[in-house]
Amino acid sequence: MKPGQDPKPINPWLKSALELGPPILFFVAYMRMQDVTYTVGGTEYDGFIIATAGFVPILLASIAVLWTLTGQISRIQVFTAVMVVFFGGLTVWLNDERFFKMKTTLVYGFFAGVLGLGLLRGQSWLKFLMGELLPMKDEGWMILTKRIAGAFALMAIANEVVWRTQSTEFWVTFETFGLPAFLFVMFMTQAKLIERYAITEDDGAA
């Protein structure tokens with residue numbers, strides 16, 4: 001796909017299913033297999049490890065389908081896929097669920113760090129990722145970037161606290177539903193900010 005070219009249209013329900021399907025399937029698989037131990041090649045694996053082993057190819061397949069249908073794949077999707085493959089692979093290879101749990105902390109921590117680095121340079125790198133979706137003045141992008149960077153940092157800390165102090169079942173529920181819901185609400189509460197700094201037709205003409 002050429003830079004700047006709009007993605008191909010796709011049914012929003014299908015897009016949501018492809019994006020939300022893998023983590024929900026992981027949640028369902030874990031809940032069904034959490035009390036079962038599987039022996040593969042003479043090694044025992046609990047339900048979490050098996051669910052993780054299934055989640056990795058399902059996520060990659062969903063991203064590949066989205067790429068095929070829209071002709072576009074975001075930098076965030078690429079980074080997330082790399083982290084899932086790396087830490088999911090370590091989790092299965094070493095038979096240790098901690099690696100997959102730490103992955104979420106590192107992903108959100110990385111996003112917070114990258115946005116924070118941009119802010120230190122006086123730039124909104126969030127605008128670089130989302131500028132075409134939200135036409136907004138630079139001042140608004142700086143404010144929004146600070147808030148989203150803070151949200152990512154808070155999510156990284158929350159994940160680290162939860163996986164270290166709570167049960168695996170609680171963490172799976174928190175990671176599947178709690179963190180995405182928090183991020184969704186965070187974006188929704190920025191409506192007034194976006195409206196205030198939105199670039200209008202008059203601004204564009206000027």
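These numbers come from the heavy atoms of this one structure, side chains and all, not from hydrogens, waters or symmetry mates. Please read these numbers as outputs of a predicted model, since none were measured by experiment.
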Does Trp13 offer a backbone N or O that forms a donor-acceptor pair with the side chain of Ser16 under 3.5 Å? no
I need the minimum non-hydrogen distance between Phe87 and Phe99, along with the two atoms involved. CD2-O, 3.4 Å
Do Val107 and Val84 come close enough that some side-chain heavy atom pair is under 4.5 Å? no
Sidechain-backbone polar pair: Thr91 side chain, Phe100 backbone, donor-acceptor under 3.5 Å: yes
Would you please say whether a donor-acceptor pair under 3.5 Å links the side chains of Glu160 and Thr105? yes
Determine whether the aromatic ring centres of Phe182 and Phe174 lie less than 6.0 Å apart. no
Is Asp46 close to Gln34 at the side-chain level, that is, under 4.5 Å between some pair of heavy atoms? no
Once rounded to the nearest 0.5 Å, what's the spacing between atom CG of Asp96 and atom CG of Leu90? 9.5 Å
State the CD1-CH2 distance between Ile49 and Trp93, to the nearest 0.5 angstrom. 14.0 Å
Which pair of non-hydrogen atoms, one from Leu193 and one from Met136, has the smallest distance, and what is that distance? O-SD, 4.3 Å
Contact between Val172 and Phe26 at the side-chain level, heavy atoms closer than 4.5 Å - yes or no? yes
Looking at Asp138 and Trp141, would you say the former's side chain and the latter's main chain have a donor-acceptor pair under 3.5 Å? no
Would you check, one step at a time, whether the test side chain to side chain contact (heavy atoms under 4.5 Å, CB included) holds for Met142 with Leu119? CA-CA 7 Å; Met142 293 298 288; Leu119 290 170; 3.7 Å; yes
Summary of side-chain hydrogen bond (donor to acceptor under 3.5 Å, both in side chains) pairs that have at least one residue in residues 166-180, sequence neighbours excluded: Glu97-Thr168, Lys101-Thr168, Thr104-Glu175, Asn159-Trp171
Given Thr145 and Trp125, is the side chain to side chain contact (heavy atoms under 4.5 Å, CB included) satisfied, shown in steps? CA-CA 8 Å; Thr145 301; Trp125 290 351; over 6 Å; no
Would you say the side chain of Arg196 lies within less than 4.5 Å of the side chain of Lys192, judging by non-hydrogen atoms? no
Taking C-beta and beyond as the side chain, do Phe128 and Gln123 meet within less than 4.5 Å on heavy atoms? no
In this structure, NZ of Lys137 is separated from NZ of Lys127 (nearest 0.5 Å) by 12.0 Å
Below 6.0 angstrom between ring centroids: does that apply to Phe177 and Phe27? yes
Mind checking whether Tyr30 and Leu25 sit in one hydrophobic cluster, side chains of I, L, V, M, F, W, Y counted as touching below 4.5 Å? no
For Met33 and Tyr38: C-alpha separation, side-chain torsions, deciding distance, then whether side chain to side chain contact (heavy atoms under 4.5 Å, CB included) applies. CA-CA 9 Å; Met33 300 186 299; Tyr38 300 85; 3.3 Å; yes
Closest approach of Ser62 to Leu59 (non-hydrogen atoms, all atoms of both residues): OG-O, 2.7 Å
Answer yes if Leu179 and Ile157 sit in the same cluster of Ile, Leu, Val, Met, Phe, Trp and Tyr residues linked by side chain heavy atoms under 4.5 Å apart, and no otherwise. no
How long is the straight-line distance from CD1 of Ile50 back to CZ of Phe48, given to the nearest 0.5 Å? 12.0 Å
Hydrophobic clusters join Ile, Leu, Val, Met, Phe, Trp and Tyr when side-chain heavy atoms are under 4.5 Å apart, directly or via other members; which others share one with Leu120? none
Write down the atom of Glu44, the atom of Asn95, and the distance for their closest heavy-atom approach. O-ND2, 2.8 Å
Return the minimal non-hydrogen interatomic distance between Gly88 and Val56, and the atom names on each side. CA-CG2, 4.2 Å
Leu69 and Leu14: CA distance, side-chain angles, deciding distance, side chain to side chain contact (heavy atoms under 4.5 Å, CB included) verdict: CA-CA 10 Å; Leu69 293 177; Leu14 176 59; 3.7 Å; yes
Specify whether Phe152 and Phe111 have parallel, tilted or perpendicular ring planes, treating 30° as the upper limit for parallel and 60° as the lower limit for perpendicular. tilted
Could you state whether Val161 and Tyr108 fall into the same hydrophobic cluster, counting links through intermediate Ile, Leu, Val, Met, Phe, Trp or Tyr residues with side-chain heavy atoms under 4.5 angstrom apart? no
If every non-hydrogen atom of Leu115 is compared with every non-hydrogen atom of Ala149, which pair is closest and at what distance? CB-CB, 3.8 Å
Check the hydrophobic clustering (I, L, V, M, F, W, Y; side-chain heavy atoms under 4.5 Å; chains of links allowed) and say if Ile58 and Met83 are grouped together. no
Once rounded to the nearest 0.5 Å, what's the spacing between atom CG of Leu126 and atom CD1 of Ile143? 13.0 Å
Do the side-chain N and O atoms of Glu139 and Tyr197 include a donor-acceptor pair separated by under 3.5 angstrom? yes
